[in-house]
Every structure is written in structure tokens, then in C-alpha cells.
Amino acid sequence: MAKKVTKIGVLTSGGDSPGMNAAVRAVVRTGIYHGLEVYGIMRGYSGMIENDIFKMESRSVANIIQRGGTVLKCARSKSFFEPEGRKTAYENLKSHGIDGLVVIGGDGSFRGALKFSNEYDIPCIGIPGTIDKDIAGSDFTIGFDTAVNTAVEAIDKIRDTADAHDRLFIVEVMGRDAGYIALHSGIATGAENILIPETKTDIEELINSLTEKEKRRKLVNLVVVAEGDEFGGANEIAKIIKERLPNADTRVAILGHIQRGGSPTCLDRLIASRMGYHAVESLMEGRHNVMVGIVNNKLAYTPLNLAVKAKQKISKEWMKIVKILAS
Ligand code: ADP
């Protein structure tokens, strides 16, 4: 029989993503609804180690559901990789009487939570909060929808100016290890080519397709590249294209951090609210060391050790669709 939780901590960790605030709000309000005490931990695992922990009330999360970023701040903590750091973090949690933890973050944050909960008797529940959508065990991650819509809006604008000047634009979007933002935003904006880390980039094929389009006088060309593509980001790709196709008027646009910010979309607010609610419910049911996800519109629990291992796969069909629709 699992111990009943009475005081829970919540933190946001790793890279921030729009919608994290909605998840924090849901955790705090669901916890209070059930009579739990809820503690906010600032700057992820750093705040756990530095004892930057404070009691939250229902009103602490008023007026944040629509705000990007995270009121609890995000950080990366080197000390949490060390046993000594995790020991201090545990002692700090204990000093507040915290007996359950909700970690909102990406796979790195879950790796930390897994290590911590294997060493200490504090059950951890993960909520996938990452713009990259690269975590197995959930069809959605908080922040992806907002990030990809920001990218679409920006690329649409680039397309207008590309069209006016018959230019070839290489647009770089975020995604060091995952190509979801590139794939979805590229398809949604009618990009001619999409280069992502999950598939081998064939430069010859890219050059051939651009040359062939040039011959057909299809002059507006958009190439969307994820920053983690094996050839490098937009600058590296543009360099190759300029050498091989010197007549093309080639420009680069790097969207950068605008993709992380902004007011979360309705979808991100909804999934954050749903996951935050279920994270608290599952702690109360005695679950531990699982990630709360949504699969086929149903709640799904994935053990943290599996969530950190597997990645979401990119369907080959999508890549075929890109080729056919851009012809
Ligand atoms: P994300 O959660 O966005 O993937 P990171 O990979 O930067 O972000 O991880 C966030 C934090 O989680 C790290 O700064 C570190 O404190 C903690 N962490 C990540 N991996 C481990 C690990 N193997 N052991 C202990 N802590 C870890």
C-alpha cells in the first residue's frame, strides 16, 4: 500500500515551453481541491538544491493560464547530476514535509527525476513540457502546438517576401534532436523541402529538386531545416546551395527563440490543464515514477524509465507527402 501524499512540490525544468504555466496552475488547484499543500520550487532542480521553495495558494496561480514562459522559472542544474546535489535536494524537500513531486519538463528532466526517485522515497510524476514533441508515451507535449504555430506564422510572412522577389529562403526552426517543428511547420506552409535530424539528408537530391524547379520557373522556394539536421542549420545549407546554384537568390532566416515564447494556444492550455490535473490524481492514487501523457485522446501512463529511452518516431508517410505536395 503506497503512503498517502499530503504535501507536493511542483517544478518546471530544462527548456521552457508555452503552456507550462497552465500546467502549474492545474497542479496547484487540483492539489488544493484535494486538501493537499502545494509547494512551488523555483528554477527546476536548482531551486530544490538551493531550498528556493514556497507554499502556493490558489491565488498564486491566478491570471497565468494565458502567459508564456513559467512563473516558477526554468533552469538547468549541473549539481543535480551529482549525488551530493540530489541529497541536498532531498533534505530540503523533507524539511518542508514534501512527499510527492510533479516535474514538468523534457526527457532530461525526467532522467533527473528517475535518478532522484530511485535514490529517495519521493514519488515523482512527469508532465511532458517541451516544444520539441520528442517524448514517447504522449501524442502531445506542452508547448509544441504554440511553437509550431509561431513558426507557421513567421514562415507565411517569409513566403510573401520570397514571392515578391523570387527568392529561395532557407528557414531554420528549432529542434536540436527532433524534426517535428520543421516537419509540421514545413508541411503547413507548403515548403518544397524539409530537412530533419531523423532522416538522412541527401544534398544531391535537394540540389536536383531545386534545379528542376528553377527549370520549370517555379521560383518561390522554401526549405525548412531543423537546427539539428546532420548538415547543420540554415547557414550551412545555404552555403552549399550558393556554391552549387550561384544564380539562385538565396536568403537565410533563423526563427530562434520566438518559437519558445508567446501566449499558449488553446490546445496547449487544454493538454496542460488535463495533464496537471491527472498528475496530482495519480500521486494520490499511489502511482510513482510515471509520465502522464495522452495517447489517442486517452490518458496514458508511461514509466519514466521508458519515457526517457524511446523517442517519438517520424512517420515515413509524412516525408512522402512533403515530396508529392511540393512538386
Ligand atoms: P529537458 O528537460 O528540457 O530535456 P535538460 O536535458 O537540460 O532539459 O535537463 C534538465 C535538468 O535535468 C538538467 O539540468 C539536470 O539538472 C537534470 N538532469 C538531466 N539528466 C540528468 C541525469 N542523467 N541525472 C541527474 N539529473 C539530470
Side-chain angles (χ1 to χ4, degrees), residues 9-21 23-24 27 41-53 68-70 72-93 101-120 122-138 140-144 146-148 173-181 197 226-228 256-257 259-261 264 268 271-272 275-276 279 289-293 302-312:
V10 56
L11 57 87
T12 50
S13 166
D16 66 314
S17 65
M20 280 182 160
N21 276 328
V24 171
V27 169
I41 301 166
M42 296 300 292
R43 299 182 311 285
Y45 298 124
S46 300
M48 232 160 102
I49 294 171
E50 290 153 16
N51 204 13
D52 198 350
I53 299 173
T70 156
L72 296 180
K73 311 262 184 193
C74 263
R76 298 197 157 93
S77 164
K78 274 198 185 133
S79 310
F80 204 72
F81 282 94
E82 308 301 329
E84 203 47 44
R86 295 194 294 276
K87 184 166 178 277
T88 308
Y90 174 72
E91 284 160 2
N92 289 334
L93 291 188
L101 199 60
V102 178
V103 173
I104 306 166
D107 59 344
S109 302
F110 294 167
R111 242 171 246 125
L114 190 62
K115 242 186 201 163
F116 183 69
S117 59
N118 282 337
E119 291 167 346
Y120 300 104
I122 300 216
C124 295
I125 304 292
I127 295 181
T130 161
I131 61 168
D132 290 333
K133 199 172 104 79
D134 58 346
I135 294 180
S138 188
F140 305 100
T141 64
I142 297 167
F144 173 75
T146 308
V148 85
V173 297
M174 279 187 163
R176 266 196 307 248
D177 306 304
Y180 273 102
I181 296 181
E227 61 182 325
H257 281 80
Q259 294 160 93
R260 277 198 190 280
D268 275 332
I271 59 165
M275 289 176 180
N289 313 339
V290 293
M291 183 192 82
V292 175
T302 306
L304 284 180
N305 59 345
L306 296 184
V308 300
K309 265 192 210 136
K311 293 263 179 214
Q312 259 194 57

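Order of appearance sets the numbers: ligands from 1, and atoms from 1 within every ligand.
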* Quick one: do Val103 and Ile125 satisfy side-chain contact (heavy atoms from CB on, under 4.5 Å)? Show the steps, please. => CA-CA 6 Å; Val103 173; Ile125 304 292; over 6 Å; no
Just need the protein heavy atom nearest to [atom], so name the residue and atom and give the distance.
atom	result
atom 21 (C) of ligand 1	Phe81 CE2, 3.2 Å
atom 27 (C) of ligand 1	Gly112 CA, 3.5 Å
atom 5 (P) of ligand 1	Arg76 NE, 3.7 Å
atom 8 (O) of ligand 1	Gly14 CA, 3.3 Å

* Asked: For ligand 1, is there an N or O atom under 3.5 Å from any N or O atom of Ser77?
  -> yes
* Test of proximity, Lys78 against ligand 1: N or O pairs below 3.5 Å -> no
Atom indices of ligand 1 within 4.0 angstrom of [X] heavy atoms, with elements:
X	answer
Gly15	3 (O)
Tyr45	12 (O), 16 (O), 17 (C)
Ser109	1 (P), 2 (O), 9 (O), 10 (C), 12 (O)
Ser13	10 (C), 11 (C)

* To do: May I ask whether Asp107 has any heavy atom positioned less than 4.0 angstrom from an atom of ligand 1?
  => yes
* Which is it for Phe80 and ligand 1 at heavy atoms under 4.0 Å: side chain, backbone, both or neither? -> both
* Structure fact -> Short version for Lys115: what comes under 4.0 Å of ligand 1, heavy atoms counted, is side chain
* **side-chain contact (heavy atoms from CB on, under 4.5 Å) between Ile131 and Ile181, intermediate numbers included** => CA-CA 8 Å; Ile131 61 168; Ile181 296 181; 4.0 Å; yes
* is_close_aromatic(Tyr120, Phe116), centroid dist under 6.0 Å -> yes
* Hey, what do you get for CG (Asp132) to OH (Tyr180), rounding to the nearest 0.5 Å? -> 11.5 Å
* Structure fact -> Interatomic distance, OG1@Thr141 vs CD1@Ile104, rounded to 0.5 Å, equals 13.0 Å
* Pair Met48-Asn92, side-chain contact (heavy atoms from CB on, under 4.5 Å): steps then yes or no -> CA-CA 7 Å; Met48 232 160 102; Asn92 289 334; over 6 Å; no
* Please assess Lys87 against Glu82 for the test side-chain contact (heavy atoms from CB on, under 4.5 Å), listing each intermediate value before the final yes or no. => CA-CA 9 Å; Lys87 184 166 178 277; Glu82 308 301 329; over 6 Å; no
* **Identified side chain to side chain contact (heavy atoms under 4.5 Å, CB included) partner of Val102 from the options Thr12, Val27, Ile41, Val292** => Val27
* To do: Would you mind finding which of Ser17, Gly106, Gly108, Gly85 brings a heavy atom closest to atom 9 (O) of ligand 1?
  => Gly108
* **Heavy-atom side-chain proximity of Leu114 to Pro303 below 4.5 angstrom** => no
